[in-house]
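Chain identifiers are assigned alphabetically (A, B, ...) following the order of the sequence lines, protein sequences preceding nucleic acid strands; residue numbering begins at 1 within each chain.
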Amino acid sequence: MTTQNPAVRVRFAPSPTGYLHIGGARTALYNYLYAKSTGGTFVLRIEDTDLERSSSEFEQLQMADLAWLGLIHDEGPDKPNPKYAPYRQSERASIYQKYSDQLIEKDLAYYDFCTEEELEEMKALAEKEGRDPTYDGKWKNPAMKAEAAARVSKGEMPAVRFRAPKKAFTLNDKVKGSVTFPENMVGDFVIVRSNGLPVYNFCCVIDDMLMDITHVIRGEDHLNNTVRQLMIYEALGAKIPEFAHVSLLIGHDRQKLSKRHGATSVNLYRNDNYLPEAMNNYLCLLGWSHPKETDIFDKADIVSLFDLERFSSHAAMYDLEKFKWVNGQHLKKMSNGDLLKLVELLPETGFIAKQTPEWKNAAIEIAKQYSHFVNDIPNMINEMILKENLEMTDTLKEILSWETTPKIIEYINTEISKVTTDFITEVELNGWMDYVKKEMGVKGKPLFQGIRAALTGKDHGPELKIMIPLTPVNVIKKRVAQLKQ
RNA sequence: GGUCUCAUCGUCUAGCCCGGUCUAGGACACCGCCUUUUCACGGCGGUAACAGGGGUUCGAAUCCCCUUGGGACUACCA
C-alpha cells in the first residue's frame with residue numbers, strides 16, 4: 001500500500017509540564033502510525049526549555065501513558081541513538097548556543113538589550129499608531145553590533161533576536177495544502193531569552209534539522225508558528241521537512257480542548273481502565289478516516305493503510321458517548337482470557353481467584369457482552385454479584401416502589417434462607433419465578449424486574465438465568481436481607 | 001484588531017482534488033419494531049446535513065468569488 005521509506009523520521013515532542021493530554025496522545029498516535037506505515041523511525045523528544053513549568057515527574061508520567069497506549073518510540077531519552085542524542089532540550093544548550101552564535105556572526109540575528117518596559121512602550125506606541133507591534137528597537141540596527149558585543153563581553157545578558165526577512169513564505173502542508181504567510185506577518189522575534197535559555201521555535205528547528213526529521217505531524221495550533229520556523233530553516237540553510245498540521249480537538253463549546261473541559265488527561269482514562277486500543281481507535285477516528293469506513297480497529301490493523309491523505313481539515317469535537325461505544329466494541333472483541341487478566345489486576349476483584357475456571361469464563365463472557373467498560377465488570381460483579389454494601393440508586397428506588405416487589409422480596413428471602421448449597425441452580429430459580437407468577441399473579445416486566453431487583457438490587461444486567469447460577473448464595477442472602485429493611 | 005485556517009445529519013465522518021453514478025453513504029446518539037415472559041446485548045427500520053448569496057457549466061456537495069459564522073496564532077510559553 002504505502003511506499004516503504006526507511007528514511008522517514010518523525011517525532012513526538014511533548015513538554016513535560018503536565019499529564020499527557022488526549023490531544024497529545026492523538027498526535028503521538030499519528031506520528032507512530034506514520035512511522036510504522038513507512039518503516040520509518042518514531043522519535044520521542046522532550047521539550048523542556050521552560051524550566052519553570054517542566055518536571056521530570058511529568059516526563060516519566062507522560063512516557064508511562066505513552067507506553068500504556070503502546071505508542072513505543074524507537075529513539076528517545078531512554079533509547080538514545082548516539083548520532084542524535086541527547087533527546088532532552090534542556091541537555092542541548094551548547095548546541096543551541098552554537099547556532100545562535102553562528103546566526104549573530106552572519107548578522108542574521110542580533111543581541112537585544114531592551115528592557116521589558118522598553119518593549120512594552122514600543123508595543124503601546126505601535127498600537128496607538130495602528131501599526132503591527134513588531135520590534136523596531138535600536139539594537140536592530142547593524143551599526144549597534146560593536147556596542148552590543150562590548151556589553152556582552154562585560155557580562156551583560158541580552159536576548160537574541162532573529163532578523164525576520166522581509167518576504168512572504170509559502171508552506172506546502174500535507175493537510176492544509178498551500179499556505180502563504182505574507183511579508184511582515186511577524187517581526188524580529190526572540191530566539192534566546194536574556195537568561196540564556198533558547199525558545200521553542202528555535203530549538204524545534206535545530207532539533208528537527210539535526211535529528212533528520214523528515215515529517216512534522218503536529219497540531220494546527222502550530223501552523224502560524226511555522227512561518228518563524230521556515231525563516232530559521234532558511235537562515236540555517238537546512239532542508240525543510242514535510243509538514244502536516246492536523247486539525248484540533250475541541251470541546252462541546254467548540255473551543256480548543258483543555259483542562260476545563262473535564263477529563264482530558266490520558267492517565268484518567270488509564271486509571272478508569274479504559275482499553276488502550278479503544279482509546280487509540282477513538283482518537284484516531286477524530287480527524288482521520290479509514291479508507292473502508294471501518295470504525296473498529298487496532299493500531300496493528302491500520303499500519304499498512306495509514307497515510308497522510310485521509311485527514312479531515314476541520315476541528316473534531318471530543319465526544320465521550322462514542323468513545324464509550326468504541327470501548328464496548330473492543331471489550332467484546334477481546335478474549336475472555338485477556339479480559340480476565342485485566343479484571344484480576346483490579347484491587348476489588350480478589351474474590352475471582354477463588355472461583356473455578358468455568359465460573360470465571362462464564363462470568364467474563366456474560367459481563368463483556370453486557371458492558372461498555374472494564375470497570376463495569378468488577379463493578380457489576382462487585383455490586384451485582386459480590387458486593388456486600390449495596391448502594392440504592394434512584395432507579396432502584398423506583399423499582400422497589402412497585403407494589404409487588406416487597407412481596408417478592410419477602411418470598412425470595414424465605415426461599416433463599418432454605419438453600420444450603422453454594423450456588424442455586426437455574427431450576428431452582430425457575431421454580432421461584434413460577435411461584436411468583438402463579439401464586440402471586442405477577443407476570444411480564446414486573447415479574448422479571450421484581451425478581452431481578454430482589455436478587456441483584458439492580459434494574460438491569462445480564463440475563464438472570466445465566467447470572468444467578470454464577471452468584472454465590474451467601475452473597476444473595478446478604479443482599480436480600482439488606483433489601484428487606 | 002492583524003495573520004492564518006475551517007465550513008456535509010445534534011456529534012464523528014464518506015463523497016470534494018479527477019463536476020453527472022448523491023432522490024448525499026456509514027457510525028455514535030435518539031426514536032420505533034423484532035428477539036428475550038424483564039433491562040441490556042443483538043437484528044431490522046426511521047428522524048436528521050451539503051451555512052447563505054452570486055457566478056462558471058447542459059449539469060455543482062464537488063470549481064471560482066463574496067458574505068456570514070467558527071477556530072487557531074498573534075510572548076524573552078510550548
Have a look at [X] and say if it touches a base, only the backbone sugar-phosphate, or nothing, with a 4.0 Å heavy-atom cut-off.
X         : result
His222(A) : base
Asn225(A) : base
Lys292(A) : nothing
Gly287(A) : sugar-phosphate
Ala316(A) : sugar-phosphate
Cys284(A) : nothing
Glu293(A) : base
Leu464(A) : base
Ile250(A) : nothing
Thr49(A)  : sugar-phosphate
Lys256(A) : sugar-phosphate
Ser247(A) : nothing

With rounding to the nearest 0.5 Å, note down the distance linking NE2 in His73(A) to CG in Leu71(A).
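Answer rounded to 0.5 Å: 11.0 Å.
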Please report the interatomic distance OG(Ser90(A)) to CD(Glu47(A)), rounded to the nearest 0.5 Å.
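Atom-to-atom, Ser90(A):OG and Glu47(A):CD are 11.0 Å apart.
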Identity of whatever pairs with [N] - Watson-Crick or G-U, under 3.5 angstrom:
N       : answer
rU57(B) : none
rC18(B) : none
rG1(B)  : rU74(B)
rG42(B) : rC34(B)
rA27(B) : rU11(B)

Run the ring-centre check on Phe297(A) versus His290(A) and record whether the distance is less than 6.0 Å.
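Close enough - the centres of the two rings lie under 6.0 Å apart.
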Taking only the [atom1] atom of each, what is the distance from [N] to [M] in whole angstrom?
N       : M       : atom1 : value
rU47(B) : rG32(B) : P     : 15 Å
rC9(B)  : rC31(B) : C1'   : 15 Å
rG19(B) : rG15(B) : P     : 15 Å
rG54(B) : rU62(B) : P     : 14 Å
rC63(B) : rU57(B) : C1'   : 10 Å
rA78(B) : rG69(B) : C1'   : 29 Å
rC12(B) : rC76(B) : P     : 35 Å
rA61(B) : rG55(B) : P     : 15 Å

If you assign Tyr200(A) and Lys465(A) each to the RNA chain B nucleotide with the nearest heavy atom, which residue ends up on the more 5' nucleotide?
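Checking each residue's closest nucleotide, the 5'-ward one belongs to Lys465(A).
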If you find the nucleotide of RNA chain B closest to Arg310(A) and the one closest to Val179(A), which residue's nucleotide is nearer the 5' end?
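Between the two, 5'-proximity favours Val179(A).
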Of the nucleotides [options], which one has an atom closest to the side chain of [X]?
X         : options                   : answer
Asn224(A) : rU3(B), rA14(B), rU37(B)  : rU3(B)
Phe448(A) : rU5(B), rU37(B), rU13(B)  : rU37(B)
Asp50(A)  : rA78(B), rC39(B), rC6(B)  : rA78(B)
Ser289(A) : rC12(B), rU13(B), rC73(B) : rU13(B)
Leu119(A) : rC6(B), rU37(B), rC76(B)  : rC76(B)
Asp221(A) : rU8(B), rC73(B), rC77(B)  : rC73(B)
Met185(A) : rC76(B), rU3(B), rC6(B)   : rU3(B)

Donor on one side chain, acceptor on other, [X] and [Y], under 3.5 Å:
X         : Y         : result
Thr226(A) : His245(A) : yes
Tyr87(A)  : Asp207(A) : no
Glu118(A) : Thr115(A) : yes

Do Leu197(A) and Val192(A) touch side chain to side chain, with heavy atoms closer than 4.5 Å?
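Answer no - side chains too far apart.
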Whether the side chain of [X] and the base of [N] hold a donor-acceptor pair under 3.5 Å is what I'd like checked.
X         : N       : value
Gln255(A) : rG71(B) : no
Ser194(A) : rC76(B) : yes
Lys322(A) : rA27(B) : yes

Identified ring pair (Phe, Tyr, Trp, His ring centres under 6.0 Å) partner of His215(A) from the options Phe42(A), Phe12(A), Tyr34(A):
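For His215(A), the ring pair (Phe, Tyr, Trp, His ring centres under 6.0 Å) test succeeds with only one of Phe42(A), Phe12(A), Tyr34(A), which is Tyr34(A).
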Between [atom2] on [N] and [atom1] on [X], what's the gap in Å once rounded to a whole number?
X         : N       : atom1 : atom2 : value
Asp173(A) : rC17(B) : CG    : C1'   : 16 Å
Arg218(A) : rC4(B)  : CZ    : P     : 18 Å
Phe311(A) : rU13(B) : CZ    : P     : 12 Å
Arg228(A) : rU3(B)  : CZ    : C1'   : 10 Å
His245(A) : rC73(B) : NE2   : P     : 12 Å
Lys123(A) : rU74(B) : NZ    : C1'   : 9 Å
Leu257(A) : rG71(B) : CG    : P     : 14 Å
Phe202(A) : rA78(B) : CZ    : P     : 13 Å

Going by side chain to side chain contact (heavy atoms under 4.5 Å, CB included), Leu275(A) matches just one of Asn281(A), Asp338(A), Leu331(A). Which one?
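Testing each of Asn281(A), Asp338(A), Leu331(A) against Leu275(A), the sole residue satisfying side chain to side chain contact (heavy atoms under 4.5 Å, CB included) is Leu331(A).
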